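Just so it is clear, the model here is predicted, and its values are computed rather than measured. Chain naming here is simple, since letters A, B, ... match the order of the sequence lines and numbering starts at 1 in each.
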Number of protein chains: 2
Amino acid sequence: MCAPLTSGTIGQVPTTVRDRVRAELTAEITAAARRQLAEVGAAGLSLRAVAREVGLASSAVYRYFASRDELLTRLIIDGYDAVGAAAEDADDPAAPPRERWVAVCRAVRAWALAHPHEYALLYGSPVPGYAAPRDTVPAAARVGVVLGRILGDAARSGVLPAAAGGRRDPELVSDATAEVLGGEHPALDDAVRVRALLAWSSVFGAVSFELFGQFVGSVQATDRWFDRAMGELATLVGL
Amino acid sequence: MCAPLTSGTIGQVPTTVRDRVRAELTAEITAAARRQLAEVGAAGLSLRAVAREVGLASSAVYRYFASRDELLTRLIIDGYDAVGAAAEDADDPAAPPRERWVAVCRAVRAWALAHPHEYALLYGSPVPGYAAPRDTVPAAARVGVVLGRILGDAARSGVLPAAAGGRRDPELVSDATAEVLGGEHPALDDAVRVRALLAWSSVFGAVSFELFGQFVGSVQATDRWFDRAMGELATLVGL
DNA sequence: CACAAGAGAGAGCACTGCTCTTGACACCAC
DNA sequence: GTGGTGTCAAGAGCAGTGCTCTCTCTTGTG
């Protein structure tokens, strides 16, 4: 219902004029929505205002997005992809694991500071009445995968202490997560996995606290604090 | 202008009938607002709906709260006080520091799970167009103070390694924060202070990730994971 | 060329926060 | 007891929202 086929276009290249215009207009709408998001935030995002900016009647936008929520979902996925790409770009697999870790954390924070409203949409309170569909999960995982890969690589190269014979609790950390952390080669025990997930959430805890104003009155030199904190996190996970 | 004096009442006990009714109605409004908040979340909180529930005309509510934002501020302060009180209640100063730490973290998480929308209002994305006034800062600090006191007590009793002669960066961590951590007796060096703030933000990072759905697909046994993670944090800060 | 599908516009519904005016009521001093 | 004062609720109204429905025009295809 989001991209209905033109009647008769069954081939894999159905680029009729209509389709091209449709794709362009869709892109224009999401672009305008992203601009609006950056200005007024997620909850203040108005479909009518987006329509105005694009030069369409508000009702016409519904030809492209079935609802405000669907538009929001698009923005969320795009956002996760953007911060995920930023994290991936910042990761140099050749660098020492500890430096990789801090570099990726820095990239996440930099993206968050540059796109505060988008960050809030992704990692802040869920928009009321809106339930994120499953589609968002893979995109949402990208940053975690980057961080996990750093740990996995470190484990494989022997930097990280491998399984110390600790018990393995399958319900504590999902298989998918274990997979990211290098699967069974070498096997990381529960303690490392718990710490990995803690560090992951802590990165965003730190960024959120800074961005959402919880550090007002506590931390002044936020740049320096963040770098040192991420270093401490790297130590925590064993890098 | 929120509680104007009746003409002539100059004494310190101006409980005329009017004042009493006003106070009661104010409480009724905030109660209704809190109920609504729990149902539809912060951004969906409607002043008109609150008025309907109380049995007032929407315009009448403005006699009590100058704007939706002012009502929101009340809810925010009440929320910080509630979670702060929960944290304080959970802290037994006689217990070993590590147990105190985990107990307080558990209490914060329990409160968050019981009041997800209020938690989101406090620690999630800021409501667009709304700037939290200064009044909220002291209330917001309560949980941090509880956690800081645990560290400070541990340092005083020698459990925590005191200043290792590390450099002291006054801009890294504010004086107020240093004060919470026991001031200069004994002096904790920067590393400990950085870790303390990191741990503080990490507690909420973990709770937020669970509550906002970021752990979907990663952590299954959230209860057990949280306990272990908070234990790791305690280790991180030196408890 | 004709016909069906796609797309935009506009009106309309029910809702929102907020403002302003109007009329009623309670309090307090005299 | 009565009149002035000031508080307060109600209602209408403004500008905005998401969303739906219908009407009309355009476009692509058989």
Problem set entry | Between B/Ser125 and A/Ser125, a side-chain donor and acceptor under 3.5 Å | yes

Exercise. So which nucleotide from C/dA9, C/dG17, D/dC19 ends up closest to the side chain of A/Ser58?
Worked result: D/dC19

Exercise. Should B/Leu113 and B/Glu210 be marked as a side-chain contact (heavy atoms from CB on, under 4.5 Å) after you check the CA-CA gap, both sets of side-chain angles, and the distance that decides it?
Worked result: CA-CA 9 Å; B/Leu113 292 179; B/Glu210 178 182 351; 3.9 Å; yes

Exercise. Tell me: OH of B/Tyr64 to P of C/dG17, nearest whole Å?
Worked result: 18 Å

For this session: Grab the CZ-P distance between B/Arg63 and C/dC20 for me, whole Å please.
Result: 12 Å

Seminar exercise, completed: In whole angstroms, the gap separating C1' of D/dT17 from CZ of A/Arg68 amounts to 9 Å

For this session: Determine the interplanar angle of the A/Tyr119 and A/Phe204 rings, folded into 0 to 90°, and report it as parallel if under 30°, tilted if 30 to 60°, perpendicular if over 60°.
Result: parallel

Problem set entry | Side chain of A/Ala49 (C-beta onward), nearest among D/dT17, C/dG17, C/dG8 | D/dT17

Exercise. C/dG8, D/dC19, C/dC18: which one has an atom nearest the side-chain heavy atoms of B/Tyr62?
Worked result: C/dC18

Exercise. Can you say whether the rings of A/Tyr123 and B/Phe209 are parallel (under 30°), tilted (30 to 60°) or perpendicular (over 60°)?
Worked result: parallel

Exercise. Within this structure, what is the CG-to-P distance between B/Leu56 and D/dA10, rounded to whole angstrom?
Worked result: 5 Å

Exercise. For the pair made of CG in B/Leu47 and P in D/dA9, what is the distance, rounded to whole Å?
Worked result: 13 Å

Exercise. So what does B/Leu71 hit on the nucleic acid, given a heavy-atom distance under 4.0 Å: a base, only sugar-phosphate, or nothing?
Worked result: nothing

Problem set entry | Pair of N/O donor and acceptor under 3.5 Å linking D/dA9 base with B/Ser59 side chain | no

Exercise. In whole angstrom, what separates B/Glu28's CD from D/dA9's P?
Worked result: 12 Å

Exercise. In whole angstrom, what separates A/Arg48's CZ from C/dC13's P?
Worked result: 13 Å

Exercise. Is the shortest side-chain N/O distance from A/Arg22 to OP1 or OP2 of C/dG6 below 4.0 Å?
Worked result: no

For this session: Rounded to the nearest angstrom, tell me the gap between atom CZ in A/Arg20 and atom C1' in D/dT26.
Result: 17 Å

Exercise. Does a side-chain N or O from A/Ser46 land closer than 4.0 Å to OP1 or OP2 of D/dT17, or not?
Worked result: yes

Exercise. Taking the nucleotide of DNA chain C with the closest heavy atom to each, which residue, B/Arg52 or A/Val61, is nearer the 5' end?
Worked result: A/Val61

Exercise. Is it true that the NZ or CZ of B/Arg106 lies under 6.0 Å from the centre of B/Phe226's six-membered ring and within 45 degrees of the ring axis?
Worked result: no

